[in-house]
Q: 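Pasting a structure below so you can have a look.
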Amino acid sequence: LIVVERIVDAVLGQPGARLLDRVAIGDGVHRPVQFGIPLEAAYRLDMIITAEHRLLAQEGHLASASLLSGFEALAKIDYDRAGTIYSTLFALSIGMERIMKIAVILNHKAANDLANPTDKQLKALGHSITELYEHVRLIGAAHGLADGWFEARSHHYDALEALSEFALGSRYYNFDQLTNGKQHPDPLVRWFKVHIQIAEHVLSHRRLERIMGRARAFCEARGALGW
(Lines give C-alpha, C1' and ligand atoms only; values in the text may rest on other atoms or scores of the structure.)
Protein backbone atom coordinates (compact mmCIF):
# COMPACT_ATOMS: atom_id res chain seq x y z
CA LEU A 1 0.00 0.00 0.00
CA ILE A 2 2.89 2.36 0.73
CA VAL A 3 4.34 1.54 -2.70
CA VAL A 4 1.01 2.50 -4.32
CA GLU A 5 0.94 5.79 -2.39
CA ARG A 6 4.50 6.65 -3.44
CA ILE A 7 3.70 5.93 -7.09
CA VAL A 8 0.57 8.11 -6.93
CA ASP A 9 2.82 10.91 -5.63
CA ALA A 10 5.09 10.38 -8.65
CA VAL A 11 2.17 10.40 -11.10
CA LEU A 12 0.64 13.58 -9.71
CA GLY A 13 3.91 15.34 -9.16
CA GLN A 14 3.12 16.18 -5.54
CA PRO A 15 1.99 14.29 -2.40
CA GLY A 16 -1.03 12.36 -3.61
CA ALA A 17 -2.79 11.93 -0.29
CA ARG A 18 -2.93 15.68 0.38
CA LEU A 19 -3.99 16.48 -3.17
CA LEU A 20 -6.67 13.82 -3.33
CA ASP A 21 -8.14 15.00 -0.04
CA ARG A 22 -9.04 18.25 -1.81
CA VAL A 23 -10.97 16.63 -4.66
CA ALA A 24 -14.78 16.57 -4.79
CA ILE A 25 -15.44 13.12 -6.26
CA GLY A 26 -18.99 12.55 -5.03
CA ASP A 27 -20.67 14.11 -8.08
CA GLY A 28 -17.86 13.16 -10.47
CA VAL A 29 -16.76 16.81 -10.81
CA HIS A 30 -13.61 18.43 -9.44
CA ARG A 31 -13.23 22.18 -8.98
CA PRO A 32 -9.48 23.02 -8.92
CA VAL A 33 -9.89 26.77 -8.30
CA GLN A 34 -12.29 26.22 -5.40
CA PHE A 35 -9.81 23.88 -3.73
CA GLY A 36 -6.77 26.00 -4.48
CA ILE A 37 -5.14 23.43 -6.75
CA PRO A 38 -2.61 24.85 -9.27
CA LEU A 39 -3.85 24.68 -12.85
CA GLU A 40 -1.03 22.36 -13.95
CA ALA A 41 -1.87 19.96 -11.15
CA ALA A 42 -5.56 20.23 -12.06
CA TYR A 43 -4.86 18.95 -15.57
CA ARG A 44 -3.12 15.98 -14.07
CA LEU A 45 -6.03 15.55 -11.70
CA ASP A 46 -8.29 14.97 -14.70
CA MET A 47 -6.91 11.42 -14.77
CA ILE A 48 -8.56 10.72 -11.42
CA ILE A 49 -12.12 11.26 -12.61
CA THR A 50 -12.07 9.87 -16.14
CA ALA A 51 -13.88 6.62 -16.87
CA GLU A 52 -10.50 4.90 -17.27
CA HIS A 53 -9.35 5.83 -13.82
CA ARG A 54 -12.68 5.14 -12.22
CA LEU A 55 -11.95 1.59 -13.37
CA LEU A 56 -8.71 1.71 -11.40
CA ALA A 57 -10.60 3.02 -8.38
CA GLN A 58 -13.09 0.17 -8.69
CA GLU A 59 -10.19 -2.27 -8.90
CA GLY A 60 -8.84 -0.71 -5.74
CA HIS A 61 -12.17 -1.25 -4.01
CA LEU A 62 -12.15 -4.88 -5.14
CA ALA A 63 -8.61 -5.40 -3.84
CA SER A 64 -9.31 -3.75 -0.50
CA ALA A 65 -12.59 -5.62 -0.02
CA SER A 66 -10.85 -8.92 -0.81
CA LEU A 67 -8.03 -8.23 1.63
CA LEU A 68 -10.37 -7.10 4.41
CA SER A 69 -12.65 -10.13 4.00
CA GLY A 70 -9.56 -12.34 3.84
CA PHE A 71 -8.18 -10.96 7.11
CA GLU A 72 -11.59 -11.38 8.74
CA ALA A 73 -11.88 -14.94 7.46
CA LEU A 74 -8.32 -15.66 8.63
CA ALA A 75 -9.35 -14.86 12.21
CA LYS A 76 -12.26 -17.31 11.94
CA ILE A 77 -10.50 -20.31 10.40
CA ASP A 78 -11.91 -23.58 11.69
CA TYR A 79 -10.12 -26.71 10.48
CA ASP A 80 -13.30 -28.72 11.00
CA ARG A 81 -14.93 -26.51 8.37
CA ALA A 82 -12.76 -26.59 5.27
CA GLY A 83 -14.77 -23.81 3.66
CA THR A 84 -13.35 -21.31 6.15
CA ILE A 85 -9.85 -22.07 4.88
CA TYR A 86 -10.77 -21.95 1.21
CA SER A 87 -12.58 -18.61 1.60
CA THR A 88 -9.53 -17.20 3.40
CA LEU A 89 -7.13 -18.33 0.68
CA PHE A 90 -9.37 -17.13 -2.15
CA ALA A 91 -9.86 -13.67 -0.64
CA LEU A 92 -6.23 -13.11 0.36
CA SER A 93 -4.74 -14.39 -2.91
CA ILE A 94 -7.13 -12.28 -5.01
CA GLY A 95 -6.55 -9.19 -2.88
CA MET A 96 -2.76 -9.56 -2.90
CA GLU A 97 -2.59 -10.15 -6.66
CA ARG A 98 -4.82 -7.22 -7.52
CA ILE A 99 -3.24 -4.65 -5.20
CA MET A 100 0.19 -5.51 -6.59
CA LYS A 101 -1.01 -5.29 -10.19
CA ILE A 102 -2.46 -1.86 -9.39
CA ALA A 103 1.02 -0.85 -8.19
CA VAL A 104 2.53 -2.14 -11.45
CA ILE A 105 0.00 -0.23 -13.58
CA LEU A 106 0.51 3.01 -11.64
CA ASN A 107 4.28 2.64 -11.86
CA HIS A 108 4.00 2.17 -15.63
CA LYS A 109 1.89 5.33 -15.83
CA ALA A 110 4.42 7.28 -13.78
CA ALA A 111 7.24 6.23 -16.10
CA ASN A 112 5.36 6.52 -19.41
CA ASP A 113 3.46 9.82 -19.39
CA LEU A 114 0.32 8.19 -17.89
CA ALA A 115 0.14 5.50 -20.59
CA ASN A 116 -1.25 2.12 -19.53
CA PRO A 117 0.66 -1.13 -19.98
CA THR A 118 -0.57 -3.34 -22.80
CA ASP A 119 -2.78 -6.36 -22.25
CA LYS A 120 0.19 -8.57 -23.13
CA GLN A 121 2.40 -6.83 -20.57
CA LEU A 122 -0.19 -7.19 -17.82
CA LYS A 123 -0.94 -10.83 -18.60
CA ALA A 124 2.79 -11.59 -18.61
CA LEU A 125 2.76 -10.91 -14.86
CA GLY A 126 0.70 -14.06 -14.37
CA HIS A 127 -0.87 -15.11 -11.07
CA SER A 128 2.22 -15.90 -9.00
CA ILE A 129 1.96 -13.94 -5.77
CA THR A 130 5.66 -14.38 -5.00
CA GLU A 131 6.81 -13.24 -8.46
CA LEU A 132 4.52 -10.23 -8.27
CA TYR A 133 5.86 -9.48 -4.81
CA GLU A 134 9.44 -9.48 -6.08
CA HIS A 135 8.40 -7.27 -9.00
CA VAL A 136 6.75 -4.77 -6.65
CA ARG A 137 9.76 -4.96 -4.32
CA LEU A 138 11.91 -3.65 -7.20
CA ILE A 139 9.37 -0.88 -7.86
CA GLY A 140 9.44 0.00 -4.18
CA ALA A 141 13.23 0.15 -4.16
CA ALA A 142 13.09 2.60 -7.09
CA HIS A 143 10.86 4.81 -4.94
CA GLY A 144 13.08 4.64 -1.90
CA LEU A 145 11.29 1.79 -0.12
CA ALA A 146 14.08 -0.68 0.52
CA ASP A 147 13.12 -1.78 4.04
CA GLY A 148 10.22 -3.74 5.51
CA TRP A 149 9.93 -6.44 2.86
CA PHE A 150 9.42 -10.12 3.70
CA GLU A 151 12.61 -12.14 3.38
CA ALA A 152 12.82 -15.65 1.95
CA ARG A 153 12.45 -18.47 4.50
CA SER A 154 10.55 -16.18 6.89
CA HIS A 155 7.08 -17.06 8.19
CA HIS A 156 5.65 -14.10 6.29
CA TYR A 157 7.19 -15.24 3.02
CA ASP A 158 6.03 -18.83 3.63
CA ALA A 159 2.47 -17.50 3.84
CA LEU A 160 3.01 -15.65 0.55
CA GLU A 161 4.28 -18.86 -1.06
CA ALA A 162 1.20 -20.75 0.15
CA LEU A 163 -1.07 -18.07 -1.33
CA SER A 164 0.95 -18.17 -4.55
CA GLU A 165 0.57 -21.95 -4.82
CA PHE A 166 -3.16 -21.56 -4.30
CA ALA A 167 -3.44 -18.85 -6.96
CA LEU A 168 -1.38 -20.85 -9.46
CA GLY A 169 -3.27 -24.13 -9.20
CA SER A 170 -3.94 -25.68 -5.81
CA ARG A 171 -7.33 -23.93 -5.74
CA TYR A 172 -8.30 -26.69 -8.19
CA TYR A 173 -6.82 -29.42 -5.98
CA ASN A 174 -10.09 -31.27 -5.38
CA PHE A 175 -11.02 -31.37 -9.08
CA ASP A 176 -7.48 -32.38 -10.02
CA GLN A 177 -7.59 -35.29 -7.60
CA LEU A 178 -10.92 -36.46 -9.01
CA THR A 179 -9.73 -36.28 -12.61
CA ASN A 180 -6.08 -37.27 -12.14
CA GLY A 181 -5.17 -33.81 -13.33
CA LYS A 182 -2.20 -31.64 -12.44
CA GLN A 183 -0.61 -32.34 -9.09
CA HIS A 184 -0.68 -29.46 -6.65
CA PRO A 185 -0.26 -29.35 -2.87
CA ASP A 186 -3.43 -29.83 -0.84
CA PRO A 187 -4.22 -26.23 0.19
CA LEU A 188 -5.67 -27.36 3.53
CA VAL A 189 -2.48 -29.19 4.44
CA ARG A 190 -0.31 -26.41 3.08
CA TRP A 191 -2.02 -23.70 5.11
CA PHE A 192 -2.00 -25.88 8.23
CA LYS A 193 1.79 -26.12 7.88
CA VAL A 194 2.02 -22.33 7.69
CA HIS A 195 -0.21 -22.10 10.74
CA ILE A 196 1.68 -24.64 12.82
CA GLN A 197 5.09 -23.15 11.99
CA ILE A 198 3.90 -19.78 13.25
CA ALA A 199 2.47 -21.43 16.36
CA GLU A 200 5.75 -23.23 17.03
CA HIS A 201 7.57 -19.91 16.73
CA VAL A 202 5.35 -17.77 18.99
CA LEU A 203 3.93 -20.25 21.51
CA SER A 204 5.74 -21.92 24.36
CA HIS A 205 6.32 -25.67 24.05
CA ARG A 206 4.00 -26.33 27.01
CA ARG A 207 1.14 -24.28 25.59
CA LEU A 208 1.55 -25.79 22.15
CA GLU A 209 1.47 -29.32 23.60
CA ARG A 210 -1.74 -28.53 25.47
CA ILE A 211 -3.36 -27.26 22.28
CA MET A 212 -2.17 -30.26 20.24
CA GLY A 213 -3.32 -32.61 23.00
CA ARG A 214 -6.84 -31.20 22.84
CA ALA A 215 -6.74 -31.46 19.05
CA ARG A 216 -5.69 -35.13 19.19
CA ALA A 217 -8.39 -35.93 21.75
CA PHE A 218 -10.98 -34.20 19.58
CA CYS A 219 -9.95 -36.22 16.52
CA GLU A 220 -9.74 -39.52 18.35
CA ALA A 221 -13.21 -39.05 19.83
CA ARG A 222 -14.60 -38.72 16.31
CA GLY A 223 -12.49 -41.38 14.65
CA ALA A 224 -10.69 -38.80 12.54
CA LEU A 225 -7.32 -39.68 11.04
CA GLY A 226 -5.90 -36.17 11.05
CA TRP A 227 -3.63 -34.74 8.38
Side-chain angles (χ1 to χ4, degrees), residues 1-8 11 16-17 20 25 47-79 81-110 116-117 119 121-140 143 145 148-150 154-176 184-195 198:
L1 293 176
I2 295 174
V3 171
V4 172
E5 182 182 338
R6 288 287 181 89
I7 298 171
V8 169
V11 171
L20 295 180
I25 298 180
M47 63 171 282
I48 300 299
I49 61 169
T50 60
E52 173 187 329
H53 294 90
R54 278 199 294 272
L55 293 175
L56 267 180
Q58 289 169 185
E59 191 66 25
H61 287 306
L62 193 160
S64 64
S66 296
L67 289 172
L68 288 172
S69 63
F71 293 141
E72 183 178 1
L74 182 63
K76 298 178 180 178
I77 278 183
D78 181 346
Y79 285 98
R81 295 188 296 146
T84 62
I85 305 171
Y86 286 121
S87 60
T88 298
L89 298 179
F90 267 111
L92 289 179
S93 61
I94 290 170
M96 289 291 292
E97 177 181 340
R98 287 179 179 270
I99 194 65
M100 290 191 287
K101 285 184 175 177
I102 289 172
V104 171
I105 291 173
L106 289 176
N107 185 65
H108 189 279
K109 284 180 170 296
N116 289 318
D119 180 64
Q121 287 173 317
L122 197 59
K123 286 183 176 178
L125 295 171
H127 300 288
S128 171
I129 303 296
T130 50
E131 289 183 11
L132 273 169
Y133 188 78
E134 294 305 325
H135 191 86
V136 172
R137 186 202 293 258
L138 294 175
I139 293 174
H143 289 272
L145 299 171
W149 299 91
F150 302 151
S154 67
H155 296 306
H156 299 91
Y157 203 85
D158 189 36
L160 282 184
E161 288 180 327
L163 290 175
S164 191
E165 291 167 8
F166 187 78
L168 287 171
S170 65
R171 55 184 169 167
Y172 299 113
Y173 174 82
N174 298 315
F175 287 147
D176 289 338
H184 296 286
D186 184 337
L188 303 183
V189 176
R190 182 68 175 91
W191 193 253
F192 176 78
K193 289 179 179 178
V194 171
H195 227 159
I198 294 172

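Quantities reported herein were computed from a predicted structural model and do not represent experimental measurements.
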Q: Taking the side chain as everything from C-beta on, heavy atoms only, tell me whether Lys109 gets closer than 4.5 Å to Leu56.
A: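 Result yes, sub-4.5 Å side-chain heavy-atom pair found.
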Q: Can you tell if the side chain of Val136 reaches within under 4.5 Å of the side chain of Ile99, non-hydrogen atoms only?
A: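 Heavy-atom side-chain distance check fails, nothing below 4.5 Å.
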Q: Between atom CG of Leu145 and atom CZ of Arg137, what is the distance when rounded to the nearest 0.5 Å?
A: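 Those atoms lie 12.0 Å apart.
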Q: Do His108 and Asn116 make a side-chain contact, defined as non-hydrogen atoms from C-beta onward lying under 4.5 Å apart?
A: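 In short, these two side chains do not touch, never coming nearer than 4.5 Å.
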Q: I'd like to know whether CD of Glu72 has more than 12 heavy-atom contacts from other residues, nucleotides or ligands below 6.0 angstrom.
A: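 12 or below, so no.
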Q: Would you give the length of the straight line joining atom CG of Leu62 to atom CD1 of Ile94, rounded to the nearest 0.5 angstrom?
A: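 One gets 7.5 Å once the value is rounded to the nearest 0.5 Å.
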Q: Checking side-chain hydrogen bond (donor to acceptor under 3.5 Å, both in side chains) between Ser164 and each of Ser93, Ser128, Ser170, which is the one that passes?
A: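 Going through Ser93, Ser128, Ser170 one by one, the side-chain hydrogen bond (donor to acceptor under 3.5 Å, both in side chains) with Ser164 is satisfied by Ser128 alone.
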Q: Enter the distance from Leu92:CG to Ser87:OG here, rounded to the nearest 0.5 Å.
A: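 Going from the CG atom of Leu92 to the OG atom of Ser87 covers 9.0 Å.
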Q: Measure the shortest side-chain to side-chain distance between His143 and Asn107 over non-hydrogen atoms and say whether it is less than 4.5 angstrom.
A: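 Yes, their side chains come closer than 4.5 Å.
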Q: Over 60° means perpendicular and under 30° means parallel, so classify the ring planes of Tyr133 and Tyr157, tilted if in between.
A: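 Rings of Tyr157 and Tyr133: perpendicular, as their planes differ by over 60°.
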Q: Between atom CD of Glu97 and atom CG of Leu168, what is the distance when rounded to the nearest 0.5 Å?
A: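 If we round to the nearest 0.5 Å, Glu97:CD and Leu168:CG are 9.0 Å apart.
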Q: Is the shortest heavy-atom distance from the side chain of Glu161 to the side chain of Val194 under 4.5 Å?
A: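 Heavy-atom side-chain distance check fails, nothing below 4.5 Å.
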Q: If you count heavy atoms of other groups shown closer than 6.0 angstrom to NE2 of His155, is the number above 12?
A: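 Yes, NE2 of His155 has more than 12 neighbouring heavy atoms, counting only those of other groups under 6.0 Å.
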Q: Between Tyr86 and Phe166, how do the two ring planes meet: parallel, tilted or perpendicular, split at 30° and 60°?
A: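 Ring orientation of Tyr86 relative to Phe166: tilted.
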Q: Please report the closest heavy-atom contact between Gly126 and Leu132, naming both atoms and the distance.
A: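 So the minimum-distance heavy-atom pair works out to O-CD1, 4.4 Å.
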Q: Roughly how far, to the nearest 0.5 Å, is NZ of Lys101 from NZ of Lys123?
A: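 One finds 10.0 Å between NZ of Lys123 and NZ of Lys101.
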Q: Where is the tightest heavy-atom contact between Ile139 and Ala103, given as atom of each residue plus distance?
A: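 Residues Ile139 and Ala103, closest heavy atoms: CD1-O, 4.4 Å.
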Q: What pair of heavy atoms forms the shortest contact from Pro185 to Tyr173, and how long is it?
A: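 Pro185 and Tyr173 have their closest heavy atoms at O-CD1, 3.7 Å.
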Q: Testing the basics here: between Trp191 and Ile77, what is the closest heavy-atom pair and its distance to 0.1 Å?
A: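 Heavy atoms of Trp191 and Ile77 come nearest at NE1-CD1, 3.5 Å.
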Q: Below 4.5 Å, heavy atoms only, C-beta onward: do Arg171 and Leu89 meet side chain to side chain?
A: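 Not in contact.
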Q: Less than 4.0 Å between a side-chain N and a carboxylate O, is that true for Asp158 and Arg190?
A: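 Here Arg190 pairs with Asp158 in a salt bridge, since their nearest N and O are under 4.0 Å apart.
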Q: Walk me through whether Val104 and Gln121 qualify under side-chain contact (heavy atoms from CB on, under 4.5 Å).
A: CA-CA 10 Å; Val104 171; Gln121 287 173 317; over 6 Å; no
Q: Testing the basics here: between Thr88 and Gly70, what is the closest heavy-atom pair and its distance to 0.1 Å?
A: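 Shortest heavy-atom contact: CG2-O, 3.9 Å.
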Q: Decide yes or no for Phe192 and Asp186: does some side-chain heavy atom of the first lie under 4.5 Å from some side-chain heavy atom of the second?
A: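 Of all side-chain heavy-atom pairs linking Asp186 with Phe192, none is under 4.5 Å.
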Q: When you look at NE2 of His184, are more than 12 heavy atoms from neighbouring residues, nucleotides or ligands closer to it than 6.0 Å?
A: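 Result for NE2/His184: enclosed.
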Q: How long is the span from the CD1 atom in Ile102 to the CD atom in Glu59, to the nearest 0.5 Å?
A: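 Spacing of CD1 (Ile102) from CD (Glu59) equals 5.0 Å.
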